[in-house]
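This is a predicted model, so every value here is computed, not measured. Just so we're on the same page: letters track the sequence lines, and every chain starts at 1.
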Number of protein chains: 4
Amino acid sequence: MTPIQEFFKQEMSRRGDLTSKQKQILEASLTLFAEKGFEKTSTADIAAMAGVAEGTVYRHYKTKRELLLAVLAPLMAVMPNMVAEFDENTVRKPITTLQEFVQNLVRDRLEFLDVNYKEVKVLAGELLFNTDLRREFINSLLSKTEVFSDLTKTLDRLKAEGKVVDWPTDLILQFTLSTLIGFVGRQFIELPSELTKDQREKMTVAFLVKGLTP
Amino acid sequence: MTPIQEFFKQEMSRRGDLTSKQKQILEASLTLFAEKGFEKTSTADIAAMAGVAEGTVYRHYKTKRELLLAVLAPLMAVMPNMVAEFDENTVRKPITTLQEFVQNLVRDRLEFLDVNYKEVKVLAGELLFNTDLRREFINSLLSKTEVFSDLTKTLDRLKAEGKVVDWPTDLILQFTLSTLIGFVGRQFIELPSELTKDQREKMTVAFLVKGLTP
Amino acid sequence: MTPIQEFFKQEMSRRGDLTSKQKQILEASLTLFAEKGFEKTSTADIAAMAGVAEGTVYRHYKTKRELLLAVLAPLMAVMPNMVAEFDENTVRKPITTLQEFVQNLVRDRLEFLDVNYKEVKVLAGELLFNTDLRREFINSLLSKTEVFSDLTKTLDRLKAEGKVVDWPTDLILQFTLSTLIGFVGRQFIELPSELTKDQREKMTVAFLVKGLTP
Amino acid sequence: MTPIQEFFKQEMSRRGDLTSKQKQILEASLTLFAEKGFEKTSTADIAAMAGVAEGTVYRHYKTKRELLLAVLAPLMAVMPNMVAEFDENTVRKPITTLQEFVQNLVRDRLEFLDVNYKEVKVLAGELLFNTDLRREFINSLLSKTEVFSDLTKTLDRLKAEGKVVDWPTDLILQFTLSTLIGFVGRQFIELPSELTKDQREKMTVAFLVKGLTP
DNA sequence: AATGAATGAGATTTCATTCAT
DNA sequence: CATGAATGAAATCTCATTCAT
């Protein structure tokens, strides 16, 4: 399992105390929110899919919005790490080339986005129009990406060695993330392609490596 | 005005026959949909902001959803062009370098996204969960990007001249669009930056040019 | 019409702008609140009795509680006058004896309580447990009973002439009001009596006159 | 302890068999019913304040209404006595003057109303809208006030001696009770006063004595 | 065409009561 | 006995849509 997946698993396991009904409710909520969007999902829908009475939903979550937050909580906790963390320890040898850096990053994050597809979709829909949540999200993101994050350190080292273009770290991350999101987004809208996913992944790495080489 | 802007203006001007009330209604709808999302906007909100009775809204648009489509129509008509069209005629001399190509593309598209920010936001929110609209959008997009579009032709020429990496056109467009969307998205979430917008735009062009050079 | 009734009528007529549906809704609410109490009355009950859709109720009153306040508003506005006002002008000749004073007061107020029985009952039930409303009520009451009210002046004159016991005005009013409320309350609980209402009214006046004579 | 207090204590002590949990439940119910009213108090509130599971409440009382009745039972049993009983034995010498009569009555009943303030408030709220309970209450009241009650006998004696006005007993009691209730009600609504409670009590006695003297 | 009051279907939420543990 | 999760019926409230004026 990749590092980010690992983080997420831990975050989810903090829910170890959830009863089985609660898990069913969260599961159904996630699925329906991802499918139809939060607003168009009724609590009746959720209760039905969870195999639970509607009152039971409200016993566990005071409001529908609270249920949404419960669904998003683990993701909200982990997403900033997606941008900031880059644990070199999980790689056998230290990162010495941009190629290695990008390759590890892409593989790790892509798998995460792929596996947690539903959560990400729900979060995206929410961030689009919910100003408060967006602000909160950005703040936690900023606090994580600060100077001393692993990723910043690795990038700074590579910059110092002339192996990465000397642009601000946040811009480099912006380019990287955009490209990753584009990759996943493309799958989402189910555009056909003459290439396999693996081939596209390789080209994506190549694109990023070239684009970020000085 | 950039070519895409030009298209959009024409598209909008087809509304020339709209009464002023209709324009007010569309304007209010757009603003509110962009602000709170389609589902959370009530027709009462719209009528109030448009300074019109609720019944009047329904006189012009049979349902709320129809109003949404009316708001999105010009964008839906134009967006595929954003991906496919690349009018070399608007440039003094024909495109001979990747640098020129990317620079024109970026300038044109960025300004469009910037100016039509609200429409794009509403469309994004809608595409996220509305499968039908998404399918329709993708289809019109595919039909436009096909072999004979201006952009495809230009890219093919550059590829043939060894000035662009030999990847499928759709992948090149994916990388380009992702990067542009990342640029605009960054403004949307209002992340602070030590660079000016102009500087970021230059680096974005540089990133794309390097990334797409063979 | 007695003075207090007159006030109330005026207060109600400020509602002249109410549509007929609104009046039906208020009427039904008042009746049901008085019959079963506010909490036990459902908005479905109200809509049914008013011959109106449930949504219509909410079109006019944002919440059920707001409807209650609308029902109580004219009474809340008028009640303090019940305690404070004593318009000698409505009596042919000026009040010169305690007997006259009490008699006028009793007749006036009893009729009001009798006619506006439902409103008073609803208000009583609300004041019992609604601390906020109670405080508001008391404040408006205090502000009205202050030194310069007609009633205070009349009482002070009678005190100065040795025609009324020299107790604080508020205590005299307390005794009077209690006795009146007891009179009405007795009717409310439908206790049988060997006397006619007229006889009881006379004795009530006699009791007050004696009790308040120095 | 005054006679009425004594009665009440005995009535309460019939609950001697109650487990401590039951007592907690009754206690919490009483407090909450008095504070927010019966309808606005949820069984969850009660369970929480009693420090007991919600199921436990229902183990002891089949329905919420039964719980209300349990709370009111001792008061319902005693209230008629408040109106009817007047135990001369608790006074050293027999009552010979109206002054003595009223003074004893006032002191006794006022303290009771004061101490059992919560119960009375809950009962009042209930009698206001619950027709059945009201009827039951009145019936038990009538059956007690009948010809041979202590109070009736004492009053008849005083009337015969020309020491009390010759009005029907029930009217005399009405005036007395109203005045007492007004006294307590005034404390309830927390009207400020320039007099001490003792002074007001004295004036209340004086008012009643004068009002009831032939 | 325009209005805005009225509608009713459906959404969210509450809560007395039951029941398996 | 005690618990507290689960229930479901009913309450409050929202809102897209209709319609008489």
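Protein atom NZ of A/Lys62 is 15 Å distant from nucleotide atom C1' of E/dT12, rounded to whole Å. F/dT12 atom C1' lies 13 Å from atom NZ of D/Lys40, rounded to whole Å. As rounded to whole Å, 12 Å separates atom P of E/dT12 from atom CG of A/Leu32. Separating the NZ atom of C/Lys23 from the C1' atom of E/dA5 is a distance of 16 Å, rounded to the nearest angstrom. As rounded to whole Å, 17 Å separates atom C1' of F/dC1 from atom CD of D/Glu54. To the nearest angstrom, P of E/dT7 lies 13 Å from CD of C/Gln22. Taking atom OH on A/Tyr58 and atom P on F/dG4, their separation rounds to 24 Å, with Å as the unit. Protein atom NZ of D/Lys64 is 17 Å distant from nucleotide atom C1' of E/dT18, rounded to whole Å.
C/Asn116 is not listed as a side-chain neighbour of C/Val78, based on a closest heavy-atom distance of 4.5 Å or more. For the pair B/Leu72/B/Phe33, no side-chain contact is recorded, criterion being any heavy-atom separation below 4.5 Å from C-beta on.
For the pair A/Ala53 and D/Val57, both in contact range of DNA chain F, the more 5′-proximal nearest nucleotide belongs to D/Val57. In this structure, B/Thr63 and A/Thr56 both approach DNA chain F, and ranking their closest nucleotides by distance from the 5' end singles out A/Thr56. Position along DNA chain E of the nearest nucleotide to D/Ala44 versus B/Lys21 favours B/Lys21 as the more 5'-ward residue.
Remark: F/dA9 base-pairs with E/dT14. Criterion, Watson-Crick or G-U wobble with two distances under 3.5 Å. Figure legend. E/dA1 is base-paired to no nucleotide; pairs are counted as Watson-Crick or G-U wobble with both atom distances under 3.5 Å. Under the Watson-Crick or G-U wobble criterion, with both distances below 3.5 Å, E/dA20 is paired with F/dT3.
Cation-pi check for B/Lys64 over B/Tyr58 is not met; the charged atom does not lie both under 6.0 angstrom from the ring centroid and within 45 degrees of its normal.
Across all strands shown, C/Ser20 has no heavy atoms under 4.0 Å from either base or sugar-phosphate atoms.
Partner of D/Glu126 under the salt bridge (Lys or Arg N to Asp or Glu O under 4.0 Å) criterion, chosen from D/Arg65, D/Arg134, D/Lys121: D/Arg65.
Residue D/Arg59 places a side-chain atom within donor-acceptor reach of the base of F/dA2, judged by atom type and a 3.5 Å distance cut-off alone.
When the side-chain nitrogen and oxygen atoms of D/His60 are compared with OP1 and OP2 of F/dA2, one or more of them lie within a distance under 4.0 Å. Residue C/Thr43 places none of its side-chain N or O atoms closer than 4.0 Å to OP1 or OP2 of F/dA11.
Taking OG1 of D/Thr63 as the reference point, atom CG of D/Leu68 lies at 9.0 Å (rounded to 0.5 Å).
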